[in-house]
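Reviewing the structure listed below.
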Amino acid sequence: MKMLENFSINEFRKDLIGWFENEQRDLPWRQDQDPYKVWVSEIMLQQTRVDTVIPYFENFISKFPTIEALADADEEKVLKAWEGLGYYSRVRNLHAAVKEVAQEYGGKVPNTVEEISSLKGVGPYTTGAILSIAYGVPEPAVDGNVMRVLSRILSVWDDIAKPKTRQLFEDIVRELISKENPSAFNQALMELGALICVPGNPACLLCPVREHCKAFAEGVQKELPVKSKKKAPTAVSMAAVVLQDEEGRLIIHKRPEKGLLANLWEFPNHETILDLQAPKEQLGEFLKREYEVDAKIGQAFTTIQHVFSHLIWNITVFEGKIEGSVAETNTLKLVSLKELEEYTFPVSHQKILKSFLNR
DNA sequence: AACACGTGGCA
DNA sequence: TTGCCAAGTGT
């Protein structure tokens with residue numbers, strides 16, 4: 001490969017892995033090489049910081065220690081263990097995939113690219129991560145860290161936001177990866193990206209592979225990687241209502257099984273047209289039309305902002321009293337405060353509840 | 001290829 | 001404070 005001419009592959013591997021063996025963090029998913037735990041950790045770590053994942057990982061593994069335990073668990077319990085982590089399709093895909101492994105592979109995580117990558121939620125990165133870390137197979141595991149580190153080491157100016165660029169780095173890693181210790185090699189590249197070769201100001205003076213780094217030699221390490229900007233999120237106005245009956249129970253609604261915050265619970269809410277024109281009337285009509293609930297809408301007691309990757313909800317939250325009876329369904333329930341603890345809510349609706357109780 | 005899909009930390 | 005970021009995948 002042209003890019004690797006004059007590059008000392010063996011020295012690079014030795015310096016990188018040697019550093020990793022000495023400096024790697026003591027993380028809960030590094031206690032053993034159980035493919036199931038490696039899998040869970042890799043899914044949790046997608047687009048999510050290590051410090052955020054640690055307590056979730058420990059709780060999740062204590063509740064669902066094995067493939068079989070997770071395969072047998074109720075969706076509600078599994079979602080609850082993910083509450084607050086975000087990207088909830090990750091855990092619904094994981095749950096479905098674990099059930100498939102339990103049924104189709106005798107509860108053993110498969111160890112071929114074809115089988116692993118066919119599992120829901122397991123893409124090219126996670127396939128390589130599980131194969132290399134749990135099974136010692138020399139497959140690339142190219143994530144954002146790896147692209148940043150290697151774009152600097154080899155001075156690659158391709159835009160890492162483009163899907164095609166990941167394939168280029170997979171080709172590079174196939175040349176570079178240690179066949180003796182692919183697990184340490186892949187993890188070392190990511191660990192280096194997390195600890196030393198960070199996005200803003202890389203700590204080049206502490207870098208174990210500085211001598212191999214073309215960007216450092218040229219003084220352009222802060223210019224790399226090239227990454228095009230994402231579209232800014234669009235703002236949406238929402239009205240939500242916390243509806244209470246005489247006994248203090250609250251109405252909650254289950255979101256659709258596909259799309260944003262799929263299968264999570266929420267307080268009744270809808271997008272408001274023209275920024276809250278006659279909001280109480282809109283809300284009352286919405287409740288009648290969608291849920292056949294009659295209610296007296298009270299005052300707005302807080303506003304909550306929920307920032308997603310691609311949109312922003314600005315939620316005005318009202319209180320209200322239920323008038324008459326409520327017909328409960330699979331997606332509409334009237335529950336006590338104690339019972340609410342069993343349901344999974346997006347962070348914004350956790351904030352709504354907290355604000356309601358403190359109003 | 002481009003966009004949907006969450007959340008919290010940090011400069 | 002606003003924007004960018006963090007071990008990506010599905011469509």
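Just so you know, these numbers come straight off a predicted model, no measurement behind them. The chains referred to below are lettered A, B, ... by the order of the sequence lines, with proteins before strands, and numbering in each begins at 1.
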What residues, two or more places apart in sequence or in another chain, satisfy salt bridge (Lys or Arg N to Asp or Glu O under 4.0 Å) together with [X]?
X	answer
A:R25	A:E191
A:K108	none
A:D32	A:K37

Check: Listed in order of residue number, which residues of residues 168-190 of chain A have a non-hydrogen atom at under 4.0 Å from DNA chain C?
Finding: A:M190
Taking atom [atom2] of [N] as reference, at what distance in whole Å does atom [atom1] of [X] sit?
X	N	atom1	atom2	answer
A:I196	C:dA6	CD1	P	15 Å
A:D51	C:dC5	CG	C1'	14 Å
A:D143	C:dT9	CG	P	9 Å
A:I160	C:dC4	CD1	C1'	12 Å
A:L45	C:dG8	CG	P	8 Å
A:R92	C:dT9	CZ	C1'	13 Å
A:W39	C:dT9	CH2	C1'	14 Å
A:M44	C:dT9	CE	P	16 Å

Next item on the list: Measure from the side-chain heavy atoms of A:P124 and tell me the nearest of C:dT9, B:dA2, C:dC4.
Entry: C:dT9
Which is true for [X] with a 4.0 Å heavy-atom rule: it touches a base, it touches only sugar-phosphate, or it touches nothing?
X	result
A:S41	nothing
A:V146	nothing
A:R255	nothing
A:W29	base

Note to self: As a quick check of understanding, evaluate side-chain hydrogen bond (donor to acceptor under 3.5 Å, both in side chains) for A:W265 and A:E76, giving each step before the final call.
What the structure shows: CA-CA 10 Å; A:W265 293 80; A:E76 278 292 342; 3.1 Å; yes
Using a 3.5 Å distance criterion without hydrogens, assess whether the side chain of [X] forms a donor-acceptor pair with backbone atoms of [Y].
X	Y	value
A:N358	A:K354	yes
A:S151	A:V149	no
A:R92	A:N263	no
A:Q299	A:E319	no

Check: For A:F169, is the NZ or CZ atom of A:R166 found under 6.0 angstrom from the centre of its six-membered ring and inside 45 degrees of the ring axis?
Finding: no
Checklist line | Contact letters for nucleotides 5-11 of chain B, in which S counts primed atoms plus P, OP1 and OP2 and B counts the base, heavy atoms under 4.0 Å | finding: BBBB---
Check: Which pairs with one or both residues in residues 230-254 of chain A pass ring pair (Phe, Tyr, Trp, His ring centres under 6.0 Å), sequence neighbours excluded?
Finding: A:H253-A:Y291
Note to self: Here's a test of your reading of the structure: between A:L27 and A:V122, which maps to the more 5' nucleotide of DNA chain C?
What the structure shows: A:L27
Notebook entry, point to check: Start at the 5' end of DNA chain C and walk down; is the nucleotide closest to A:K229 or to A:I43 reached first?
Noted result: A:K229
Notebook entry, point to check: Mind checking the P distance from C:dT11 to B:dG6? Whole angstroms is fine.
Noted result: 14 Å
Next item on the list: Between C:dA6 and B:dC5, how far apart are the P atoms? Round to whole Å, please.
Entry: 23 Å
